[in-house]
Protein chains: 2
Amino acid sequence: MAHTLEEIAKLAGVSRSTVSRVINDHPNVRPEVRERVWQVIREVGYQPHAAARSLATNRTQVLGLIIPQAVTTLFTDPFFPHLIQGMAEACNAHRYHLMLSLFTGRTDQESLYRRVLRSGTLDGVVVASTTLDDPLIPRLLQEKLPFVSVGRHREAAVSYVDVDNVAGARQAVEHLLRQGHRRIATVTGPLAMMAGRDRLEGYRQALEARGVPVDDALIAEGDFTEEGGRMAMQRLLPHRPTAVFVASDTMAVGAMKAIKEAGLRIPEDVAVVGFDDLPVASIVEPALTTVRQPIERLGATAVEVLIGLIEQQAEAPQHIILPTQLVIRASCGALSGSRGLE
Amino acid sequence: MAHTLEEIAKLAGVSRSTVSRVINDHPNVRPEVRERVWQVIREVGYQPHAAARSLATNRTQVLGLIIPQAVTTLFTDPFFPHLIQGMAEACNAHRYHLMLSLFTGRTDQESLYRRVLRSGTLDGVVVASTTLDDPLIPRLLQEKLPFVSVGRHREAAVSYVDVDNVAGARQAVEHLLRQGHRRIATVTGPLAMMAGRDRLEGYRQALEARGVPVDDALIAEGDFTEEGGRMAMQRLLPHRPTAVFVASDTMAVGAMKAIKEAGLRIPEDVAVVGFDDLPVASIVEPALTTVRQPIERLGATAVEVLIGLIEQQAEAPQHIILPTQLVIRASCGALSGSRGLE
DNA sequence: GGCGGTTTTGGGAGCGCTCCCAAAATCGCC
DNA sequence: GGCGATTTTGGGAGCGCTCCCAAAACCGCC
C-alpha cells in the first residue's frame, strides 16, 4: 500500500518540507526530528513516488542503453550481454536504473528516438555500436541530453569510452610476426564502424613496422557475425595466408570453420588470432588466441562517466581508452589448454 | 527544447483538455480540430512528459525484468540475452520500455526490491530464474504489482510462461534409448529450481516408460554453469555411462570437456544431448544434439501476457507452455555437420 | 529581558499532465 | 424559432513531490 510524503509528515508530526529535507539529506533539521522521521519511514516502508520526484526535479535516476542496429544481428553477439552486465552493476552501485532501448529496424527508428529522447524518461544515455553515419549522435547533441559513446568517435564534443583497438590489433599481428608468419591476412570488422577501422589500422601498423608490405588481397571485410567471418575467410583462403587476424571472436569462430572446411589445420596450416576474449574463445577447438578487451569494465566506465556528466554538469567531453591484453591459446603459439598472457 | 501540452494548446488555439483528448485518442473532438492539433504537434516535435503522465495516470509504460540471482553466475549464461531480445522486441511493438533489474548479491536485495517495486516506476515485471524459496514472488503477490514468471511455478495464483521441460527432457532421453543406450546418465540443473526438477522428471519418465531402472549413481546435480557441468560429469564418469542428458547447453559444454579430458570420444564412448539450442551448440566439436527451446518467444510471450494483465486487469492467472523440439547433431545420432530435426 | 543573528520549520505554489463537470455549441425535430 | 437531446469544449483541481520565502524558534551576548 503506497504512502505519500504527506502521510509520513502527519505520522511524524512535521511538515511535508521537513520530510523532504530528511529523505534528501538536507541540512537544517534537528537530529531528533530527523531520527523521528526516519523511524516512521522504516516502520511504514515508505518509498518516494518516482514520477512525482522526477516532475519536480527534472531527474529520473534512469540511464538508457541505446543499441541502434537491428537486434537480430548484433544483440546475439556475446559482446553486449557482457557490456550490459558491467553497466547494470555500475547502475546498481550508484542507485540508477538501466533501461534498454533496442531498435529493430529503420522504420520505427524516428518515432522511437523521439519517444526515448524527448519524454523526460532518461537522465542520460550510453550509445553502443553506432556506424559513422548514424544520425543518433548528432540527434543527441541537438537534444542536449547527456550521453557517452561506447566506441571512439571522431567528434571532439562526444564523450566516449573504448579499448585501444589499434594497439590491441597491433599486438595480435606482432604475435603472428614473432611466430615467423609473413603472409598474414585479416578479417576486418565493418569499416563503417570506428572499431572496424581501428583494428585494421593496428594490423597495418604492425606489418609496416616490420617492413612487411600490406597486400590488399589479404584483407576481407566481415560484419561481426560468425557467418560473415566464415564467408570473409573463404575469400581469403585462395590467397594462401599462413595466419589470420580476425577482428572479433565471433567472426573468428566462423573463420575457423572455413579453414577446417577447406581441409586445413589450425594452427599448423593457418594460425588464427581473434579479438574480444569472449567465453567462446576457450570453447572452440583449438582454443583461440585472442585480444582480451575488458567488456564489463567498458560498460561500468561508460556508466560512471555518464553519471559524472549528469551530476557534475561537466562541460568538457571525456575520452577514456582502456588497455587490451593478448591471451595466447592453441590457435596460435601455445600448447593445447594453456592460457598464456603476454 | 521541450514543449508543454499547454503550449501546444495555445499554438493550436484550443484548451489543454482538447489537446489531451487528441493525443490520447478520445472521442468527442471535431475532426478539423483534431487535425489542427496534430499538425502543431508534428511541426513542434512535441512529446508528452512521461513523469507528468505517470503521476496523473498511475501508469509508466515501463516493464521490468528482474533476475534475482547474482549476475556473475547467471547473466553470462547465453539464455538471458536471448530472453531479453525477445522481450525487448515485444516491448517495442507495444510501446513499452524495458528496464533491467539485476541483483548483485543478497546484501542489497531488500533495498533494491523496495526501490524497484514501490516507487511507481514499473507497470509490471517479468521475473526470471527464481529458486523455489526466493522471497521475491510472495513479495510481488503482496505488493499487488502485476507480474509474470518465466518458469513454471507451483502457486496457482502465479502467471507463468515456460517451455515443456518434462516433455523436452523425455524426448532427449528417448532419442538416446532409440540409439540403443541403456546406461544413460544425467547432469541436472539446480534442483532448487523448477526447471532443474522438471528436466530430471522427464529423464525419469523416459527411462521408466522403457522399463529401464533409474540408477541414482547416474544422476549428478549441476548449477547451469559450464564449470558446474564439467564437475558433475567428472563425478558421473567413474560409473561408466554410455550416454548423458545434460540439462543445459552451457553445462553440456563443460561435460564434453570432462569427457575429452578423460580420453573418451564423443559420441562413440559417451553420447551427449543438451538442452536449449544456444549458438554454442553448433560451435562445439562435435556439434551438440540438444532440445531447442524458443527462448526469444518465451520472452516475447511473457511480455504479452504481462501487458494483458496490466491493461485488461485480468484476474485469472495464465499458464502458457511452449513446445520444445529435438535438434540432432553429431554429439549423438547424426553425421558431422548435419542438422536434423525430429 | 531585549536584541541581533542564525537555525529550523511550515505552507504556498509549481512541475506537466489527466479527468471531471459545467457551460457552450450543435443537431434534429416539431 | 424553440425545445430537448447530444456533442464539444474549457477551466479547476488533483496526482506526489521539491523549492522558496516568510515566520517562528533558538542561541549568545550585553
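Just so it is clear, the values below take in all heavy atoms, side chains as well, and ignore hydrogens, waters and symmetry mates. Chain identifiers are assigned alphabetically (A, B, ...) following the order of the sequence lines, protein sequences preceding nucleic acid strands; residue numbering begins at 1 within each chain.
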Please report the distance, rounded to the nearest Å, between [atom1] in [X] and [atom2] in [N].
X      : N      : atom1 : atom2 : answer
B:I8   : C:dG16 : CD1   : P     : 13 Å
B:H3   : C:dC15 : NE2   : P     : 16 Å
B:R118 : D:dG16 : CZ    : P     : 14 Å
B:L5   : C:dC19 : CG    : P     : 12 Å
A:N58  : C:dC17 : CG    : P     : 12 Å
A:N28  : D:dC19 : CG    : P     : 14 Å
B:R59  : C:dG16 : CZ    : C1'   : 19 Å

### Query
Knowing that exactly one of A:E43, A:R42, A:E35 qualifies, which makes a side chain to side chain donor-acceptor pair (under 3.5 Å) with A:Q39?
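Passing option: A:E43.
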
Using atom types as modelled and distance alone, determine if a side-chain donor or acceptor of [X] lies under 3.5 Å from a backbone N or O of [Y].
X      : Y     : result
A:R118 : B:G45 : yes
A:S119 : B:H49 : no
B:R36  : B:A12 : yes
B:R95  : B:Q61 : no
B:D123 : B:T60 : yes

### Task
Please report the closest heavy-atom contact between A:R115 and B:Y96, naming both atoms and the distance.
NH1-N, 4.4 Å

### Closest contact, heavy atoms only, B:L55 versus A:A51
N-CB, 4.1 Å

### Message
If you assign each of A:E6 and A:R30 to its closest nucleotide in DNA chain D, which residue comes earlier from the 5' end?
### Response
A:E6

### Query
Taking for each residue the nucleotide of DNA chain D bearing the nearest heavy atom, is the 5' side occupied by A:H26 or by B:V33?
B:V33

Does [N] have its OP1 or OP2 closer than 4.0 Å to a side-chain nitrogen or oxygen of [X]?
X     : N      : answer
A:T4  : D:dG16 : no
B:N24 : C:dT18 : yes
A:R53 : D:dT18 : yes
B:Y46 : C:dG16 : no
A:T57 : D:dT18 : no

### Query
Can you tell me if A:N24 and A:R53 form a side-chain donor-acceptor pair at under 3.5 Å?
yes

### Query
Going from CG on B:L100 to CG on A:L65, what distance comes out if it is rounded to the nearest 0.5 angstrom?
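B:L100 atom CG to A:L65 atom CG measures 8.5 Å (nearest 0.5 Å).
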
### Message
By nearest heavy atom, map A:R16 and A:L55 onto DNA chain C; which one lands nearer the 5' end?
### Response
A:R16

Between the protein and nucleotides 21-23 of chain D, list every N/O to N/O distance that falls short of 3.5 Å.
none

### Query
Looking only at N and O atoms, is any donor in the side chain of A:S17 or the base of D:dC19 less than 3.5 Å from an acceptor on the other one?
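Donor-acceptor pair under 3.5 Å: yes.
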
Output one line per pair: protein atom, nucleotide atom from nucleotides 4-6 of chain C, and distance, for all N/O pairs under 3.5 Å.
none

